[in-house]
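Data block below; observations after.
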Amino acid sequence: MNARDPSLFVRLRRRLQRWGAHPEARKYPAADTAITAIPLPPTLTLPLAQHIGAPAQPVVRAGDRVLRGQLIAQGAGKVSAPLHAPTSGTVVGIVDVPVPHPSKLPAPALIIACDGLDEACPAEGADPFTLSPGEIAQRVADAGIVGLGGATFPSAVKLSLGRDQPIPTLILNGGECEPYLSCDDRLMQERAGQVVDGARIILRAIGGERALIGVESNKPAAIAALREAAGGHADVRVVPVPSRYPMGSEKQLIAWLTGREVPSEGRSADIGVMVHNVATAAAIHRAIRHGEPLTSRIVTVAGGTVRTPRNLEVRIGTPISALVAFCGGLTATPTRLVMGGPMMGVAVDSLEIPVIKASGGVLALGPDEVAAPDASAACIRCGACVGACPIGLLPLEIAARIRGDDLPGSAALGLKDCIGCGTCAFVCPSRIPLVQYFNHAKGELAARERDRLRQESIRELVQARAARMEREAREKAEAAARRKAEREKAKAAAARKPEEVSA
Amino acid sequence: MKAVFASPHAHGARPVGQVMLLVMAALVPATFNGFWHFGWPAIFLWLTTILACLLAESLALQVAGRAIRPALADGSAVLTGWLLAISLPPWAPWWIGALGGAFAIIVCKQAFGGLGQNLFNPAMAARVVLLISFPLEMTRWVAPAVFGSVHAPDFLAALDITFGAGIPDALSSATILDYVRSEVSRGVGVGQALDASFKPLASSLGSRAGSLGETGALLLAGGGIFLIATRVIGARIPIGFLLGVAVPAALAHALAPQAYLPPLAHLLTGGVTLGAFFIATDYVTSPSTPLGQWLFGLGCGLLTWIIRSWGAYPEGVAFAILLMNAATPLIDHYTRPRIFGRRRDGRSLSPQES
Ligand code: SF4
Ligand code: SF4
């Protein structure tokens with residue numbers, strides 16, 4: 001499996017493909033603003049589950065004083081990530097707080113009262129090219145780095161995949177195809193060196209041959225900055241990709257850049273590709289070179305009701321009210337608050353929700369920026385959703401099955417392959433809440449599957465117990481028979497002996 | 001429970017009502033051309049048919065106990081009436097339009113469950129039912145009588161034509177397809193019959209006997225191209241339709257020029273342009289998969305040509321579209337796109353294949 005460029009045929013074919021949509025970008029004025037750090041808030045709220053996998057386990061207690069960068073909760077298990085104090089202060093305790101999650105259920109979080117000194121604990125960087133791949137992965141794991149594009153999968157888990165199979169191609173995702181968001185754009189412009197160095201560190205960790213940085217063509221400044229930073233490195237290449245939603249989806253970006261599709265029941269490593277977000281690469285650079293754990297991120301604050309939209313560098317755990325206040329506050333009550341982008345972000349109810357590792361955007365949207373889905377609308381079968389789906393699904397048919405309560409039918413049409421990108425709902429003239437249907441059905445199907453597995457394991461347990469009892473009974477009977485036989489043999493021997501004597 | 005707003009939070013499509021408005025806008029030139037050539041009776045018939053559709057829709061919604069206003073506001077009933085009206089003989093009596101409109105809405109649309117549920121295009125289904133039930137009224141064509149010309153009926157005479165005594169016998173005429181077919185059956189060659197009746201440019205701008213709006217074939221095509229350009233409809237079905245008619249017509253005409261019409265005559269007469277751009281592209285009754293749309297368009301065209309060439313009727317567009325409508329669920333089923341990361345048969349790609 002070598003790192004190859006797509007053939008001419010693949011290039012032609014991908015030009016003919018018409019999936020996706022072109023939502024209004026609305027990246028300005030925020031995209032023109034340089035990244036600005038905001039002042040420390042009085043308290044930070046750090047949910048223990050900011051990543052995919054098991055929640056982190058606190059290693060500090062109420063009353064403890066902590067320093068910036070100090071471990072406050074450690075990863076629990078193979079897929080997990082630790083948390084570090086974003087500034088110095090005192091641990092207040094662990095409380096259940098609202099978090100940006102679609103379920104809207106509160107989750108436990110560590111609260112830190114900041115002391116304003118921002119005292120750091122000593123950190124030590126290293127030259128990645130003197131470290132072994134395993135050591136790089138370990139340091140990335142210890143730094144609490146997760147996918148910053150929103151997926152929040154622990155990055156170190158991905159890095160160690162390189163040990164099991166060859167992964168010649170690293171792709172850095174600089175797509176940022178969500179409207180409004182420009183945090184990655186600014187990062188690539190202002191810290192291109194960190195991104196390129198991060199790419200080279202990852203290449204070393206996975207034993208890759210080349211890194212492709214895919215950037216949507218609507219970010220010429222980012223492309224130019226990255227090209228300059230990558231100048232001396234033959235193994236890093238910046239490749240512009242068309243601006244089209246969802247080009248920043250992992251599968252779509254891989255397909256565009258390499259011409260290969262990630263198998264539906266596989267992962268990208270199976271075809272020799274690994275994808276990391278550009279911000280993740282920059283975080284890896286800082287973790288390895290400077291020993292800095294992940295305690296801050298760049299957030300785009302935008303939307304029609306924000307007075308001065310801009311890009312901010314924010315400590316994890318800062319309430320979004322502080323971000324909004326730094327942007328001059330709101331001009332009107334927003335119709336909807338969204339964490340993340342407008343296509344896949346999560347609607348939240350309050351400004352007191354904290355920024356977490358996944359938060360690339362805080363959007364305060366006005367009435368004319370928000371979709372009003374209509375659950376009672378009829379599908380006019382226009383087929384717009386079919387043409388738009390990047391996965392080649394038939395959203396209208398899947399939704400019809402779900403509306404008719406035929407969940408197995410929806411699964412048979414490929415619901416499991418749906419990446420939830422929302423392109424179908426975006427282009428639907430009837431404004432049918434397609435993604436809402438799909439999420440509901442996916443949840444329901446997963447619950448049924450869990451239920452089935454539980455039933456199965458119970459049945460297996462019962463069967464195993466019956467088999468064990470049967471085996472034990474048989475063994476008992478056999479043992480009894482053996483003893484009986486021995487007794488009889490002994491008796492017979494005893495009966496024979498006198499004859500021998502007499503003989 | 002707090003309200004849950006599912007993503008996406010943005011929306012970027014024209015609402016349904018706007019889609020319907022654009023389709024109507026695209027119909028305006030051909031319709032006005034029809035009014036110009038066929039005068040007041042055409043206007044009366046057009047109004048009657050649309051009104052009948054609106055009334056029928058309100059009635060059906062009332063009976064079903066559903067909200068009337070939003071359903072009427074989406075414009076689909078008006079559009080159905082409009083499409084039916086321009087496919088009728090322009091001087092047909094009012095009750096043809098009224099009956100057809102009511103039938104289209106009540107039987108062909110609402111009985112199936114309303115917008116989005118019907119199998120057959122309501123306008124074409126109504127047209128065919130009218131043709132079968134009232135063959136006389138549905139085949140009484142008139143030669144164009146441009147507004148203000150000697151033959152053009154004035155307002156009162158027009159009222160009498162649409163709502164009263166009907167068409168004065170002296171004025172009836174035949175469509176090009178009718179004429180050619182009867183000439184050919186008398187032993188006259190296609191070429192000669194066509195020369196006598198078909199002038200490509202004039203004929204396709206409305207100077208011929210025919211349905212209210214269909215005679216402006218070039219105007220309809222223009223409207224259709226406008227709809228493709230504004231992305232209201234896709235290009236696959238119309239292109240497929242036109243090719244489906246033109247390719248077999250060209251082959252047959254090349255082999256037997258005296259027995260088969262040339263492709264241009266096929267494309268510019270009858271309802272081919274109306275069908276290809278406005279009827280076959282009806283979202284509800286056509287396939288939603290890309291490959292399915294090609295097949296559907298080609299099928300409509302081919303069937304049209306077959307019916308015109310060998311069928312019992314001189315015109316075949318409506319029948320062809322209805323037949324393909326019936327096949328649509330099947331086409332959709334067998335032309336599902338390949339899912340990303342999977343093979344055609346639905347199994348996951350292996351790393352080597354992908
Ligand atoms: S949300 Fe799912 S069905 Fe809709 S476009 Fe995206 S992948 Fe396709
Ligand atoms: S886009 Fe909406 S209305 Fe059109 S086919 Fe899909 S679900 Fe139906």
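Worth knowing before you read on, the calculation uses all heavy atoms, side chains too, and leaves out hydrogens, waters and symmetry mates. Naming convention: chains lettered A, B, ... in sequence-line order (proteins, then strands); numbering from 1 in each chain.
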So what's closer than 4.5 Å to chain B heavy atoms on A:Val338: side chain, backbone, both or neither? side chain
Please state whether the side chain, the backbone, both or neither of A:Ala21 comes within less than 4.5 Å of a heavy atom of chain B. neither
Contact leader toward chain B among A:Ile391, A:Leu365, A:Thr423, where contacts are heavy-atom pairs under 4.5 Å: A:Ile391
Most contact-rich option vs chain B, by heavy-atom pairs under 4.5 angstrom, among A:Asp417, A:Asp374, A:Val370, is A:Asp417
Under 4.5 Å from any heavy atom of chain B - which part of A:Leu363: neither
What part of A:Glu24 is in contact with chain B, defined as an atom under 4.5 angstrom from a non-hydrogen atom: side chain, backbone, both or neither? neither
Could you grab the distance from atom CZ of B:Phe340 to atom OG of A:Ser249, nearest 0.5 Å is fine? 7.5 Å
How about A:Leu393 and B:Pro337: do any of their side-chain heavy atoms sit closer than 4.5 Å? no
Kindly say whether A:Cys428 contributes a backbone atom to a donor-acceptor pair with the side chain of B:His11 at under 3.5 angstrom? yes
When every non-hydrogen atom of B:Ile339 is compared with those of A:Leu413, the smallest separation belongs to CD1-O, 3.8 Å
Could you state the interatomic distance from OG (A:Ser430) to CG (B:Leu115), rounded to the nearest 0.5 Å? 7.0 Å
With a 4.5 Å cut-off on side-chain heavy atoms, are A:Pro429 and B:Arg14 touching? no
Proximity breakdown for A:Met344 and chain B, heavy-atom pairs closer than 4.5 Å: backbone
Separation of B:Asp332 CG from A:Leu394 CG (nearest 0.5 Å): 7.5 Å
Would you mind telling me which of A:Arg18, A:Arg336, A:Glu265 has the largest number of heavy-atom pairs within less than 4.5 Å of chain B? A:Arg336
With only heavy atoms counted, which part of A:Cys379 is less than 4.5 Å from chain B, the side chain, the backbone, both or neither? backbone
Main chain of B:Thr285, side chain of A:Arg381: is a donor-acceptor contact present, judged purely on distance under 3.5 Å? no
Side chain / backbone / both / neither for B:Ser76 at chain A, heavy atoms under 4.5 Å: neither
Charged N to carboxylate O below 4.0 Å: is that the case for B:Arg338 and A:Glu261? yes
Do A:Pro263 and B:Ser348 have side-chain heavy atoms sitting under 4.5 Å apart? yes
Structural part of A:Pro390 lying under 4.5 Å from a heavy atom of chain B: backbone
Pairs of donor and acceptor atoms involving the side chains of residues 221-237 of chain B, under 3.5 Å and at least two apart or interchain, shall be tabulated with distances.
from: B:Thr230; atom 1: OG1; to: B:Phe226; atom 2: O; distance (Å): 2.9
from: B:Thr230; atom 1: OG1; to: B:Leu227; atom 2: O; distance (Å): 3.2
from: B:Arg236; atom 1: NH1; to: B:Gln293; atom 2: OE1; distance (Å): 2.8

Counting heavy-atom pairs under 4.5 Å to chain B, which of A:Pro23, A:Gly345, A:Cys389, A:Gly414 comes out on top? A:Gly345
Just by distance, do the side chain of B:Ser288 and the backbone of A:Gly383 share a donor-acceptor pair under 3.5 Å? no
Atom of B:Ser7, atom of A:Val435 and distance for their closest heavy-atom approach: O-CB, 3.4 Å
